[in-house]
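Throughout, numbering of the chain's residues begins at 1 and tracks the sequence.
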Amino acid sequence: MTTTHRHETAAPNTTTELNFSGPHVQATLVTNARHYAVDGTAIVVNPQPRQVTLTESPRTGIPPLSSTILRDTRIQEADTLILLRTDLDAPISAITAEPGWQLLADLLPPTPAGTAPFPRDTPLHKSPQDHAATVRFDPAHLLKETEQPTRPQEFQVKVNLWYAPAGTDCHIHNSHDFIEVHTQVHGLGRMQKFTAQDHTRLYEDLRMAPGYTTPDPFCATRPDGSYHYPWHQYYADTDCVWLAVEYHRLAP
């Protein structure tokens with residue numbers, strides 16, 4: 001599997017502020033990282049389908065579609081990195097007053113029947129979304145359905161933040177036309193899986209603390225190229241911010 005970023009000719013260690021970066025969460029995109037210095041403490045997300053290696057000895061790394069918390073170290077090489085910095089001890093709820101944040105229910109158009117596509121009483125807020133990279137991989141291989149990649153495709157990587165206050169069920173759903181993973185940024189939450197769209201049918205409860213990314217995408221491929229997801233949702237134990245990393249297939 002290989003990765004190609006939108007800035008293939010970028011100079012080494014090119015940094016760009018993502019469009020949802022702000023006072024509460026500073027979000028930086030790093031492209032063409034070469035011996036890149038992580039100064040201070042940051043959540044470092046690897047959105048690539050290949051491992052990122054640190055320069056420390058013995059060598060350790062950040063697995064594909066994963067993250068960790070790093071402090072005062074260097075990354076040997078990466079096509080794309082996302083760095084997130086936040087004060088974990090500071091209140092986070094005011095992040096929704098930053099430019100571009102909206103209640104999810106206000107972002108979605110009504111259904112053909114005229115009903116709301118998302119419950120308005122669910123206080124789930126979304127930041128602006130930005131483009132982070134273009135990557136190439138075989139979905140079946142990425143999702144561990146095949147041992148070798150045979151059908152690589154190009155995907156656009158889109159990223160955004162979410163916020164929900166403590167005690168929020170963020171709505172059980174099972175439909176996405178993309179592959180996704182989530183990284184906890186602030187607070188404590190969970191990604192939950194269910195056998196039906198029913199809170200009593202919980203079968204897996206993944207606890208998420210800052211710096212943690214769900215270990216694998218939840219979905220599987222279908223014969224027509226779409227994705228099959230279990231019923232799932234995010235639940236906020238405290239006021240929470242998390243990062244969504246989405247992989248959208250590009251037309252050939």
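Looking at T214 and E180, their side chains never come closer than 4.5 Å, going by heavy atoms from C-beta outward. Proximity of L54 to L70: side-chain heavy atoms (C-beta onward) are separated by under 4.5 Å at one or more points. With contacts defined as side-chain heavy-atom distances shorter than 4.5 Å, the pair R136/Q153 does not qualify. Under the 4.5 Å side-chain criterion, counting only non-hydrogen atoms from C-beta, L65 is in contact with Y247. Side-chain contact check for P47 versus V135: every heavy-atom pair is 4.5 Å or farther apart. Side chains of M208 and C240 form no contact here, defined as non-hydrogen atoms less than 4.5 Å apart. Two residues are said to be in side-chain contact when any heavy atoms from C-beta on lie closer than 4.5 Å; H171 and Q197 meet this criterion. Side-chain contact between P128 and L161 is absent, with no heavy atoms from C-beta onward closer than 4.5 Å.
Note on F218 and F155: same hydrophobic cluster, where clusters join Ile, Leu, Val, Met, Phe, Trp and Tyr whose side-chain heavy atoms are under 4.5 Å apart, directly or indirectly. Hydrophobic clustering (ILVMFWY, side-chain heavy atoms < 4.5 Å, transitive): Y235 and L124 are in distinct clusters. Note: the hydrophobic cluster containing Y229 also contains L142 (ILVMFWY, side chain heavy atoms under 4.5 Å, direct or indirect links).
Under the 3.5 Å distance criterion, the side-chain polar atoms of S21 are left unmatched by any main-chain donor or acceptor of Q26. Panel note: side chain D239, backbone A166; a donor-acceptor pair is recorded below 3.5 Å. Under a 3.5 Å cut-off, the side chain of E98 and the backbone N or O of H24 do form a donor-acceptor pair. N174 places no side-chain N or O within donor-acceptor distance of the main-chain N or O of W231, the cut-off being under 3.5 Å. A donor-acceptor pair under 3.5 Å is formed between the side chain of N46 and the backbone N or O of P63. S127 places no side-chain N or O within donor-acceptor distance of the main-chain N or O of N160, the cut-off being under 3.5 Å. Q184 places no side-chain N or O within 3.5 Å of a backbone atom of W242 that could act as its donor or acceptor partner. In this structure a side-chain-to-backbone donor-acceptor pair under 3.5 Å is missing from Q156 to L250. Checking side-chain atoms of R222 against main-chain N and O of Y227 turns up a donor-acceptor pair under 3.5 Å. A donor-acceptor pair under 3.5 Å is formed between the side chain of Q233 and the backbone N or O of C170.
In this structure, the side chain to side chain donor-acceptor pair (under 3.5 Å) partners of R201, at least two apart in sequence or on a different chain, are T195. Applying the side chain to side chain contact (heavy atoms under 4.5 Å, CB included) criterion to T213, with sequence neighbours excluded, gives S67, V181, T183.
Of all heavy-atom pairs between A236 and A164, the closest is CB-O, 3.9 Å. Here the shortest heavy-atom pairing between L103 and P123 reads CD1-CA, 3.9 Å. Across A196 and I172, no two heavy atoms sit closer than the pair O-CG2, 4.3 Å. The two atoms that bring P215 and Y212 nearest to each other are CD-OH, 3.2 Å, heavy atoms only. Across all their heavy atoms, L188 and T238 have their closest contact at N-OG1, 2.9 Å. Of all non-hydrogen atoms in A33 and N13, the two that sit nearest each other are CA-OD1, 3.2 Å.
Atoms CD and CD1, from Q48 and I82 in turn, are 10.0 Å apart once rounded to the nearest 0.5 Å. A distance of 4.5 Å separates OG1 in T86 from NE2 in H186, rounded to the nearest 0.5 Å. With rounding to the nearest 0.5 Å, the separation of CG in D138 from OG1 in T146 is 5.0 Å. Remark: M191 CE to L206 CG distance equals 8.0 Å, nearest 0.5 Å. I69 contributes atom CD1, which lies 12.0 Å from atom CZ of R85 (distance to the nearest 0.5 angstrom). We find the CD-OH distance between E77 and Y36 to be 15.5 Å, quoted to the nearest 0.5 Å.
For Y234 and H182, the ring centers are positioned 6.0 Å apart or more.
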- Under the side chain to side chain contact (heavy atoms under 4.5 Å, CB included) criterion, do L107 and F118 qualify, and how do the steps go? CA-CA 9 Å; L107 289 171; F118 190 83; over 6 Å; no
Pair L243, L84 - check side chain to side chain contact (heavy atoms under 4.5 Å, CB included), show working. CA-CA 9 Å; L243 176 78; L84 305 166; 4.0 Å; yes
| task | Please step through side chain to side chain contact (heavy atoms under 4.5 Å, CB included) for the pair E246 and Q129, ending with a clear verdict. | result | CA-CA 10 Å; E246 301 175 354; Q129 190 172 68; 3.2 Å; yes
Review point. Can D106 and R120 be said to form a side chain to side chain contact (heavy atoms under 4.5 Å, CB included), step by step?
Key: CA-CA 8 Å; D106 292 336; R120 293 197 59 80; 2.7 Å; yes
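Ring geometry for Y163 against H125 counts as tilted: the plane angle lies between 30° and 60°, on a 0 to 90° scale.
Figure legend: K158 and F178 shown without cation-pi pairing, the cationic atom not lying both under 6.0 angstrom from the six-membered ring centre and within 45 degrees of its axis.
Using modelled atom types and a 3.5 Å distance limit, the side chains of R74 and H35 yield no donor-acceptor pair. Between the side chains of T28 and E17, a donor-acceptor pair is found at a separation under 3.5 Å.
Salt bridge status for R207 with D237: absent, with no side-chain N to carboxylate O gap under 4.0 Å.
With I75 as the partner, the side chain to side chain contact (heavy atoms under 4.5 Å, CB included) test is satisfied by one option alone out of T55, V44, T53: V44.
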